[in-house]
Engineer: 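This is the structure, below, for whatever I ask next.
Side-chain atoms are counted along with the backbone in the values below, which use heavy atoms only and exclude waters and symmetry mates.
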Amino acid sequence: MYDYTQPLKRSEASRAKVRRQTDIELRGRRWTLLPDVFSPADSRSSLAHLDLLKFPVDGTFLEIGSGTGLIAVSAALAGCRAVHATDLNPAAVRNTALNAERFGVADKVTSVESDLFDGLRDAPAFDVVYWHSNNVWAPPELDINVHELAYVDPGYEAHRRYFREARRYVAPEGRVLIALSSRAGRAELEELAAAEGRGLRTVDSTTVEEPEGPVVYELLEVVPL
């Protein structure tokens with residue numbers, strides 16, 4: 001199992017950089033970043049997974065754990081007609097809304113405070129449900145803040161819930177996707193998915209050179225067994 005203390009150190013370093021609202025640059029675009037929100041400028045994972053995604057043009061898209069709104073806003077810019085973005089961090093909910101307004105897609109992006117799906121009310125069934133998950137396992141008793149929760153999942157409880165609940169929010173021909181990395185406990189996640197009658201099928205992957213060495217970022221579809 002990957003050493004969960006390493007992402008906690010990365011979280012601490014990233015969080016310490018931002019004490020007030022600022023801008024970050026990602027591929028020639030400037031994005032708003034609020035304090036206590038996961039910064040895609042401090043991790044190669046967000047852009048790597050953005051490159052793996054194919055958005056449902058003219059369709060509907062739900063992102064779990066939206067952070068700055070990089071994925072949700074990109075979905076709207078790519079032509080999705082309606083995007084919902086949830087995050088349990090209130091600062092991230094505001095951050096997503098600010099970037100949706102900044103890029104002129106506030107009319108398409110609904111940003112909701114929610115622990116996974118709990119805050120969704122009267123939402124439509126989505127063509128794609130997507131989560132760039134906090135896929136590093138951490139001990140279930142670990143006491144962590146919302147910024148650290150973007151990096152690790154104590155006891156893999158959030159993943160257990162995602163495998164159980166995501167199917168309720170997807171359209172009949174829609175897809176449930178999850179973004180993982182080689183830092184994840186893949187065997188444990190496969191077991192949790194199977195317990196909910198689900199399997200994990202690789203859609204695409206890429207290998208990125210990180211400070212610790214090569215990391216594989218993988219987009220998977222959660223499918224019925």
Engineer: Is any side-chain heavy atom of Ser46 less than 4.5 Å from a side-chain heavy atom of Phe38?
Structural biologist: yes
Engineer: One pair to check against salt bridge (Lys or Arg N to Asp or Glu O under 4.0 Å): Arg198 and Glu190. What are the steps and the verdict?
Structural biologist: CA-CA 8 Å; Arg198 292 294 184 262; Glu190 295 271 8; over 6 Å; no
Engineer: What is the minimum heavy-atom distance between Val109 and Ala72, and which atoms define it?
Structural biologist: CG2-O, 4.2 Å
Engineer: Would you check if Leu180 and Ser133 make a side-chain contact, meaning some heavy-atom pair closer than 4.5 Å?
Structural biologist: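 Yes, close enough: below the 4.5 Å cut-off.
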Engineer: For Arg175, enumerate each residue passing the side chain to side chain donor-acceptor pair (under 3.5 Å) test, keeping only those at least two apart in sequence or located in another chain.
Structural biologist: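 Arg175 satisfies side chain to side chain donor-acceptor pair (under 3.5 Å) with Glu221 only.
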Engineer: Shortest non-hydrogen contact from Val152 to Pro154?
Structural biologist: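 Smallest heavy-atom distance, with atoms named: O-CD, 3.7 Å.
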Engineer: Does Leu200 share a hydrophobic cluster with Val215, counting links as ILVMFWY side-chain heavy atoms below 4.5 Å and allowing steps through other members?
Structural biologist: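 Different clusters: Leu200 never reaches Val215 through Ile, Leu, Val, Met, Phe, Trp or Tyr contacts under 4.5 Å.
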Engineer: Measuring only between side-chain heavy atoms, which start at C-beta, is Val73 closer than 4.5 Å to Trp31?
Structural biologist: yes
Engineer: If you measure only the distance, is there a donor-acceptor pair under 3.5 Å linking the side chains of Tyr162 and Glu157?
Structural biologist: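 Judged by distance alone, the side chains do not pair up.
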Engineer: If you count the non-hydrogen atoms of other residues, nucleotides and ligands that lie under 6.0 Å from CZ in Arg20, is the total more than 12?
Structural biologist: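 Not buried by this count: 12 neighbours or fewer within 6.0 Å.
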Engineer: Applying ring-ring contact (aromatic ring centres under 6.0 Å, His included) as the test, list every pair that has at least one member in residues 204-225; sequence neighbours left out.
Structural biologist: His49-Tyr217
Engineer: Is there a side-chain contact between Phe117 and Arg161 in this structure, where contact means two heavy atoms from C-beta onward sitting under 4.5 Å apart?
Structural biologist: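 SC-SC contact between Phe117 and Arg161 ruled out.
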Engineer: Is there a chain of hydrophobic side chains (I, L, V, M, F, W, Y, each step under 4.5 Å between heavy atoms) that links Val136 to Leu192?
Structural biologist: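 In one cluster: no.
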Engineer: Provide the full list of salt bridge (charged side-chain N to carboxylate O under 4.0 Å, His left out) pairs with a residue in residues 32-48, sequence neighbours left out, each pair given once.
Structural biologist: Arg15-Asp36, Lys17-Asp42, Arg44-Glu210
Engineer: Can you confirm whether Glu191 is buried at CD, in the sense that more than 12 heavy atoms of other residues, nucleotides or ligands lie under 6.0 Å from that atom?
Structural biologist: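 Count not over threshold, so no.
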Engineer: Test His84 against Tyr169 for side chain to side chain contact (heavy atoms under 4.5 Å, CB included), laying out the working first.
Structural biologist: CA-CA 11 Å; His84 276 61; Tyr169 298 88; over 6 Å; no
Engineer: Please examine the side chains of Ser181 and Asn135, heavy atoms only from C-beta on, and report whether any two atoms are closer than 4.5 Å.
Structural biologist: yes
Engineer: Kindly say whether Leu70 contributes a backbone atom to a donor-acceptor pair with the side chain of Ser74 at under 3.5 angstrom?
Structural biologist: yes
Engineer: Any link between Val222 and Leu189 through a network of hydrophobic side chains (Ile, Leu, Val, Met, Phe, Trp, Tyr) touching at under 4.5 Å?
Structural biologist: yes
Engineer: Can you confirm whether Asp204 sits close enough to Leu52 that some side-chain heavy atom of one is under 4.5 Å from a side-chain heavy atom of the other?
Structural biologist: yes
Engineer: Take a 6.0 Å sphere around CD of Gln6 and say whether it holds more than 12 heavy atoms from other residues, nucleotides or ligands.
Structural biologist: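 For Gln6, atom CD is crowded (more than 12 foreign heavy atoms under 6.0 Å).
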Engineer: If you take the centroid of each ring, where Trp contributes its six-membered ring, are His159 and Trp131 closer together than 6.0 Å?
Structural biologist: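 Between His159 and Trp131, which both carry aromatic rings, the centre distance is below 6.0 Å.
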Engineer: Could you name each residue pair satisfying salt bridge (charged side-chain N to carboxylate O under 4.0 Å, His left out) that touches residues 45-60, not counting sequence neighbours?
Structural biologist: Arg27-Asp51
Engineer: Enter the distance from Glu12:CD to Asn145:CG here, rounded to the nearest 0.5 Å.
Structural biologist: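 It is 9.5 Å, given to the nearest 0.5 Å.
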Engineer: If every non-hydrogen atom of Gly155 is compared with every non-hydrogen atom of Arg160, which pair is closest and at what distance?
Structural biologist: O-NH2, 4.1 Å
Engineer: Heavy atoms, side chains only, cut-off 4.5 Å: are Thr86 and Val93 in contact?
Structural biologist: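 No, side chains not in contact.
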Engineer: Between Phe61 and Phe126, is the gap from one ring center to the other below 6.0 Å?
Structural biologist: no
Engineer: Using a distance-only test with no angle check, is there a side-chain donor-acceptor pair under 3.5 angstrom linking Glu218 and Thr202?
Structural biologist: yes
Engineer: Kindly indicate whether the side chain of Leu77, heavy atoms from C-beta on, has any atom under 4.5 Å from the side chain of Val105.
Structural biologist: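 Counting from C-beta outward, Leu77 and Val105 do come under 4.5 Å.
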Engineer: If a pair satisfies salt bridge (charged side-chain N to carboxylate O under 4.0 Å, His left out) and one of its residues is in residues 131-156, list it, with sequence neighbours excluded.
Structural biologist: none
Engineer: Indicate the atoms forming the closest heavy-atom contact of Gly59 with Asp127, along with that distance.
Structural biologist: CA-OD2, 3.1 Å
Engineer: Grab the two heavy atoms, one from Leu116 and one from Ala158, that are nearest each other, plus how far apart they are.
Structural biologist: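 Of all heavy-atom pairs spanning Leu116 and Ala158, the closest is CD1-O, 3.5 Å.
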Engineer: Check for me whether the distance between the ring centres of Tyr4 and Tyr151 falls short of 6.0 Å.
Structural biologist: no
Engineer: Can you run down the side chain to side chain donor-acceptor pair (under 3.5 Å) pairs that involve residues 89-104, sequence neighbours left out, and say none if there aren't any?
Structural biologist: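 Sorted pair list: Asp23-Arg102, Thr32-Arg102, Ser66-Thr96.
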Engineer: Closest heavy-atom contact between Leu220 and Val203?
Structural biologist: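 Smallest heavy-atom distance, with atoms named: C-CG2, 4.0 Å.
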Engineer: Check for me, please, whether Ile24 and Leu50 land in the same ILVMFWY cluster - side-chain distances under 4.5 Å, paths through other members count.
Structural biologist: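 Yes; Leu50 is reachable from Ile24 via cluster members.
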Engineer: Are Leu88 and Val37 co-members of a hydrophobic cluster defined by side-chain heavy atoms under 4.5 Å apart?
Structural biologist: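 Different clusters: Val37 never reaches Leu88 through Ile, Leu, Val, Met, Phe, Trp or Tyr contacts under 4.5 Å.
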Engineer: Could you grab the distance from atom OG1 of Thr110 to atom CG of Leu62, nearest 0.5 Å is fine?
Structural biologist: 10.5 Å
